[in-house]
*Asks:* 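Okay, here's the structure, questions in a sec.
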Amino acid sequence: MPEFVPIRQLLALVIGGGWGEASPTEECTQIVSIVRGADFPEVRHGDVTSLPMRYEKSERVKRRQLQAGDIILEISGGTNERPTGRSIFVSESMINSVDHPIIPASFCRLLRPDSSKVDSLFLFYWLQHMYEAGRTWGYQVRSTGIANFQTEFFMDEEFVRLPSIAEQRRIAGVLGALDDLIEVNRRLIADLLASSDAIAATPIDEVSEVTFADVCDIFGGGTPSTKEDTYWGREIRWATPTDITALPSPYLFDTSRRITPAGLDACTSKLMPKGSILMTSRATIGAFAIAQEPTAVNQGFIAVEPRAEVDRWFLFHEMRRRVPEFIQRANGSTFLELSRGVFKSLPVSWPSLEARTELFHRLDPLHSAAASLQAEIQELEAARDELLPLLMSGRVRVGDVAA
C-alpha cells in the first residue's frame, strides 16, 4: 500500500534564492541568471531568454545553482485570486540553454528531491496537484499586502501519497508525455507565427494613404453591472485584458467570465464576430487575440472588425507591428490608454486589393494551422488536468489510462 510521507522527508536540500547586484562588486563577481515568480510562465515552456542577469557571491551560487530535476517553489507574491505556492520543474534543456549558473530569486525556494525516495518529476506533479486543489491557500500568511508562503510549516504538514518509485515514474511519464506534446505544439505555433510575421513584413509597393477608420470598423467595450446577477451567466463570451495577456498564442477560444444576453444589452460592447481583432488598449497596450468565437469585450479593448475577409491578416500584422507607436500615442494619469479616437485617425499605408488578397492567401493557412494547434493544446491540457488528481490519489492507475 502507498504510504503518506511529509514533503520534508523527500527533500535532500531546501534553500532560499538570491538577488545579488546589478553590477559586479568586490564580493559579487559571479554572473548568474535568476528565476523569479514572474518568470514562471515563460520558464515553464523552456524560455529563459528574459531572465534577469545579476552578479552574486560565488559561495552563494555554489549552493544555489540549479540542477536538472530541481523544483523551484514560489514563496512570496500571489494575489487575491492566486495564492503563492506555484512551482516549476528544472529540466536538462533549461540548464543547458545558458552558459552560466541559474539560481532562484530571493522570493523562491530551491527544492532538491532525494532521488532514493521520490522521483523528481512525480514530486513536481504532486505540487501541481496540491496547487490546483487550492491547498496552498492554507500555507500562506499576508503581511503588508504581500502573501508569504510558510515553507517550514508546509514541509511538515503536506503529506505526499507515495507509491513505489516504479509507479511514480510511470505516473510522471504519462503526465510528462502530455506536457511534451503541449510543448511541441507551442514550438510549432511559434514557428508559424514567426513565418507569418516575416511574410507580412515584405514591402508592398502599391499603397494608398488612408486611416484605420477608413478601412475597418472599430469598437470599444463595456462591463455590465456586477451587482445585477441576471447579467452574468454562461451564454456569451466576455473578454477582459487578462484573458488576452494569459494567452500563449493570439487565438481566443474562451473567456474566464461570460454574460447573458441581458448583460450584453446593458453594456456598451457589441458581440464581436468570429475573426475580430481584439487589442488591449489600457495599461497593457498591444496584447492581441483573434476571436475564434463571437465575443464581447470590456472597456480595456479596441476591437477591429475587418470589412472584408481578405483584410484580416494585413490589419492584424499592421497593428502588431505598430504597438510601440500606439504606446507613444497613449495618455492618461492613472494608466496609459490608447483612445479609439486616436486609433481611428492613425494613417495606414493601404495595399491594393490584389496585394491584400495575395497576402491573405499566404497567411491564412499559417494562422489556421496555428489556431488548430492551440485548440489541440487546450484539449491536451484538459486531459492532463483531469488525470492529475486521479493519478495522484490512486483512483486511476497508469494501466487504466493505457487501456
Side-chain angles (χ1 to χ4, degrees), residues 42 45-47 49-50 183-219 244-245 247-253 272-281 284-292 295 301-330 338 340 342-377:
E42 290 77 19
H45 304 305
D47 182 4
T49 56
S50 62
E183 186 55 34
V184 167
N185 277 12
R186 288 183 187 276
R187 291 175 182 172
L188 290 172
I189 290 171
D191 290 343
L192 289 166
L193 287 173
S195 297
S196 298
D197 286 334
I199 292 170
T202 304
I204 299 174
D205 293 332
E206 295 183 29
V207 296
S208 56
E209 291 303 317
V210 298
T211 66
F212 279 111
D214 292 329
V215 296
C216 58
D217 296 320
I218 301 161
F219 303 92
I244 309 305
T245 56
L247 290 175
S249 61
Y251 310 102
L252 181 67
F253 289 87
M272 300 301 300
K274 178 180 177 179
S276 297
I277 303 167
L278 311 180
M279 182 184 79
T280 59
S281 59
T284 299
I285 296 172
F288 286 88
I290 302 294
Q292 301 300 300
T295 304
F301 287 90
I302 288 173
V304 169
E305 186 178 344
R307 291 177 185 162
E309 180 70 11
V310 296
D311 298 343
R312 186 174 323 284
W313 299 122
F314 173 82
L315 286 167
F316 173 75
H317 286 277
E318 174 74 2
M319 290 169 65
R320 287 216 309 174
R321 180 183 67 82
R322 294 175 64 175
V323 167
E325 177 189 350
F326 296 160
I327 294 172
Q328 286 184 342
R329 292 179 177 272
L338 177 68
R340 270 185 293 157
V342 169
F343 178 80
K344 287 179 178 181
S345 68
L346 293 178
V348 180
S349 295
W350 191 242
S352 67
L353 175 59
E354 181 181 2
R356 299 196 315 272
T357 301
E358 180 184 353
L359 185 67
F360 175 83
H361 288 307
R362 294 181 69 188
L363 292 180
D364 193 57
L366 300 180
H367 282 287
S368 295
S372 295
L373 288 168
Q374 182 57 45
E376 186 176 312
I377 284 176

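Hydrogens, waters and symmetry mates are skipped; everything else that's a heavy atom, side chains included, is used. Throughout, numbering of the chain's residues begins at 1 and tracks the sequence.
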*Asks:* Which residue pairs pass the salt bridge (Lys or Arg N to Asp or Glu O under 4.0 Å) test when at least one of the two sits in residues 368-377, sequence neighbours left out?
*Replies:*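 Qualifying pairs, neighbours excluded: none.
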*Asks:* Is any side-chain heavy atom of Val323 closer than 4.5 Å to a side-chain heavy atom of Phe288?
*Replies:*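 Yes, close enough: below the 4.5 Å cut-off.
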*Asks:* Classify the ring geometry between Phe316 and His367 as parallel (under 30°), tilted (30 to 60°) or perpendicular (over 60°).
*Replies:*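 If you compare the ring of Phe316 with that of His367, the planes turn out perpendicular.
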*Asks:* Nearest 0.5 Å, please: how far is CD in Glu318 from CG in Leu359?
*Replies:*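 One finds 11.0 Å between CG of Leu359 and CD of Glu318.
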*Asks:* Please report the shortest heavy-atom distance between Ser249 and Ile189, naming the atom on each side.
*Replies:*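 Result for this residue pair: CB-CG2, 3.6 Å.
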*Asks:* What I'd like to find out is whether the side chain of Phe301 reaches to under 4.5 Å of the side chain of Ile244, using heavy atoms alone.
*Replies:*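 The answer is yes; the side chains approach within 4.5 Å.
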*Asks:* Quick check: closest heavy atoms across Phe360 and Pro365, and the distance to 0.1 Å?
*Replies:*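 Looks like O-CD, 4.3 Å.
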*Asks:* Taking all non-hydrogen atoms of both residues, which atom of Gly275 and which atom of Pro306 are closest, and how far apart?
*Replies:*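 Minimum heavy-atom separation between Gly275 and Pro306: O-CD, 4.5 Å.
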*Asks:* According to salt bridge (Lys or Arg N to Asp or Glu O under 4.0 Å), does anything in residues 305-316 pair up with another residue at least two apart or in another chain? List the pairs.
*Replies:*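 Sorted result for residues 305-316: Asp217-Arg307, Lys270-Glu305, Glu309-Arg312, Asp311-Arg356.
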*Asks:* For the residue pair Glu325 and Arg329, establish whether any side-chain heavy-atom pair is separated by less than 4.5 Å.
*Replies:*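 In contact.
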*Asks:* Can you tell me how far the CG atom of Leu315 sits from the OG atom of Ser276, to the nearest 0.5 Å?
*Replies:*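 OG of Ser276 is found 11.5 Å from CG of Leu315.
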*Asks:* Kindly list each side-chain donor-acceptor pair under 3.5 angstrom involving residues 343-353, sequence neighbours excluded, with atom names and distances?
*Replies:*
residue, atom, partner, partner atom, Å
Ser345, OG, Val342, O, 2.8
Ser349, OG, Glu209, OE2, 2.9
Ser352, OG, Ala355, N, 3.2

*Asks:* Atom CE of Met319 and atom CG of Leu278: how far apart are they, to the nearest 0.5 Å?
*Replies:*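 Reported value, rounded in 0.5 Å steps: 9.0 Å.
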*Asks:* Got a second to check how far Phe253's CZ is from Ile290's CD1, nearest 0.5 Å?
*Replies:*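 Phe253 atom CZ to Ile290 atom CD1 measures 11.5 Å (nearest 0.5 Å).
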*Asks:* Look at the side chain of Ser372 and the backbone N and O of Ser368, then say whether any donor-acceptor pair between them is shorter than 3.5 Å.
*Replies:*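 Pair found, side chain donor or acceptor close to backbone of Ser368.
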*Asks:* List the residues meeting side-chain hydrogen bond (donor to acceptor under 3.5 Å, both in side chains) with Ser50, not counting sequence neighbours, and say none if there are none.
*Replies:*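 Ser50 satisfies side-chain hydrogen bond (donor to acceptor under 3.5 Å, both in side chains) with no residue once adjacent residues are dropped.
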*Asks:* What are the two closest non-hydrogen atoms of Thr280 and Thr284, and how far apart are they?
*Replies:*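 In this case the closest contact between Thr280 and Thr284 is OG1-O, 2.8 Å.
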*Asks:* Can you name the nearest heavy-atom pair linking Leu338 to Ile302, along with the distance?
*Replies:*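 That closest heavy-atom pairing would be O-CD1, 3.6 Å.
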*Asks:* List in chain and number order the residues that pass side-chain contact (heavy atoms from CB on, under 4.5 Å) with Thr211, two or more places apart in sequence or in another chain; answer none if no residue qualifies.
*Replies:*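 Scan of Thr211 (side-chain contact (heavy atoms from CB on, under 4.5 Å), adjacent residues dropped) gives Ala213, Asp214.
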*Asks:* For Pro248, which residues count as a side-chain contact (heavy atoms from CB on, under 4.5 Å) partner, sequence neighbours excluded?
*Replies:*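 With neighbours one apart ignored, the set is Arg186, Gln374.
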*Asks:* Can you list the residues that meet the salt bridge (charged side-chain N to carboxylate O under 4.0 Å, His left out) rule with Arg362, with sequence neighbours excluded?
*Replies:*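 Per chain and number, Arg362 pairs via salt bridge (charged side-chain N to carboxylate O under 4.0 Å, His left out) with no residue.
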*Asks:* Name each donor-acceptor pair under 3.5 Å that joins a side chain in residues 193-200 to protein atoms two or more places apart or in another chain, with its distance.
*Replies:*
residue, atom, partner, partner atom, Å
Ser195, OG, Asp191, O, 3.1
Ser196, OG, Leu192, O, 2.9
Asp197, OD1, His317, ND1, 3.0
Asp197, OD1, Arg320, NH2, 2.7
Asp197, OD2, Arg320, NH2, 3.0

*Asks:* Distance check, rounded to the nearest 0.5 Å: Phe212 atom CZ versus Ile218 atom CD1?
*Replies:*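 Reported to 0.5 Å precision, the distance equals 7.5 Å.
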